[in-house]
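A quick write-up on the structure given underneath.
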Amino acid sequence: MSQQHTGAAGHGHHDEHDDHGSLKAYITGFIISIVLTVIPLLVVFETSMNKTGVIITIITMAVIQLIVQLFFFMHIREGEGPKYNVMALILGLFIVLVIVAGSVWIMSFNSVVQ
Amino acid sequence: MQHATSHSHSNGAGAHTHSHDHGHHDQESMKVLGFWIFLVTDCLLFGTLFATYVVLKAHTDGGPTGKELFEIPGFVAETFILLTSSFTSGLAVLAMNRKKVNQLIGWLIVTVLLGAAFVGLEINEFVNMVHEGATISTSAFLTAFFVLVGTHGLHVSVGLIWMIALMVQLKMRGVTPVTQRKITVISLYWHFLDVVWIFLFTIVYLMGVM
């Protein structure tokens with residue numbers, strides 16, 4: 001729905017188009033982000049799930065929260081021309097994943113290699 | 001598309017204005033893209049600090065652990081304050097798109113107040129920890145903690161000063177293509193800081209108190 005809107009308005013005059021999201025999208029995004037914050041709190045403090053399950057659940061919630069913020073608030077799909085911002089972001093997130101996962105992985109062998 | 005084509009056919013002067021406008025718009029959107037690339041580099045900075053924290057998390061050197069130090073009501077309040085401020089900075093952008101300067105400045109003031117409350121709570125948390133003897137030099141865990149959380153707090157503080165400066169500029173110049181781009185950029189910055197906080201909340205605080 002919003003994609004269609006952006007496509008139609010993208011070529012219009014700058015003053016006329018309203019492709020920076022609507023109030024409805026912002027409120028939806030806000031409510032989802034509140035829910036995605038309450039779920040990890042409940043999982044950590046109220047349930048008796050095992051530790052691995054809790055960690056997987058709360059990290060999943062954080063990643064969904066990241067995606068919600070990118071789409072509902074930061075309007076990552078907007079703008080004309082090639083999506084250089086998305087490409088740069090994907091490259092950045094890939095490097096971050098390699099740094100974090102690589103560090104944790106290599107350091108978990110710390111005691112073995114010494 | 002159709003509108004633009006018929007417009008340029010109808011008279012030459014109109015077409016000229018349109019193409020000039022378009023060129024200006026392109027320059028501003030290039031600047032927004034440049035800011036996205038800055039955000040990606042900031043992502044790398046925080047990623048590195050997160051990696052350091054996760055690796056050093058267990059190295060408490062007999063000092064206090066996260067479970068003993070983190071106060072649940074404090075970081076939960078900080079999380080909801082920052083989430084709400086992210087939403088209000090979005091409302092500021094909506095007001096800007098409708099060219100309502102006073103409404104825009106109003107939402108920016110709400111955002112600044114929420115951001116200041118967040119920084120206040122964080123400073124309070126740090127002071128309490130230092131009073132309990134948990135300083136940056138106590139253990140590797142606390143060094144990584146203060147550097148990671150402190151870097152985020154510093155970003156929020158810089159954002160507050162930036163936002164106040166923009167409000168002055170809005171008062172003087174109103175909503176122009178240039179101030180419009182500046183507001184777009186700061187709202188991106190603010191949402192980005194919210195995303196970073198979500199990971200701090202999950203990886204540092206929630207996993208710390210488990």
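A, B, ... follow the sequence lines: proteins, then strands. Residue 1 opens every chain.
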In terms of relative ring orientation, are F30(A) and F87(B) parallel, tilted or perpendicular, with 30° and 60° separating the classes? parallel
Quick one: closest heavy-atom pair of [X] and [Y], and the distance?
X	Y	result
L93(A)	C43(B)	CD2-SG, 4.2 Å
Q65(A)	I198(B)	NE2-CD1, 3.3 Å
F80(B)	L41(A)	CE1-CD1, 4.1 Å
V100(A)	A51(B)	CA-CB, 3.9 Å

Determine the option with the most heavy-atom pairs under 4.5 angstrom with chain A, choosing from I72(B), V32(B), T79(B). I72(B)
Pairs of heavy atoms under 4.5 Å with chain A: top-ranked of V55(B), V54(B), L91(B): V55(B)
Portion of V44(A) that has a non-hydrogen atom of chain B nearer than 4.5 angstrom: side chain
Toward chain B, the part of L70(A) with a non-hydrogen atom under 4.5 Å: side chain
Value rounded to 0.5 Å, distance of [atom1] in [X] from [atom2] in [Y]:
X	Y	atom1	atom2	result
Q69(A)	L188(B)	CD	CG	11.5 Å
M107(A)	K57(B)	CE	NZ	15.0 Å
F73(A)	D194(B)	CZ	CG	7.5 Å

Are V40(B) and L91(A) side-chain neighbours, meaning at least one heavy-atom pair lies under 4.5 Å? no
Taking the side chain as every heavy atom from C-beta outward, state whether K83(A) and W36(B) have any pair of such atoms under 4.5 Å apart. no
Per-residue contact mode, [X] against chain A (heavy atom under 4.5 angstrom):
X	value
F201(B)	side chain
L33(B)	side chain
V76(B)	side chain
S89(B)	neither

So which of [options] has the largest heavy-atom pair count under 4.5 angstrom toward chain B?
options	value
I55(A), N85(A), I34(A)	N85(A)
I27(A), I59(A), T37(A), I95(A)	T37(A)
G92(A), A62(A), A88(A)	A62(A)

Test side chain to side chain contact (heavy atoms under 4.5 Å, CB included) on F199(B) and L66(A) and set out the steps. CA-CA 9 Å; F199(B) 282 91; L66(A) 161 74; 4.1 Å; yes
Per-residue contacts, residues 46-54 of chain A versus chain B, heavy atoms under 4.5 Å: K51(A), V54(A)
Proximal to chain A - members of residues 203-210 of chain B, heavy-atom separation under 4.5 Å: L206(B), M207(B), V209(B), M210(B)
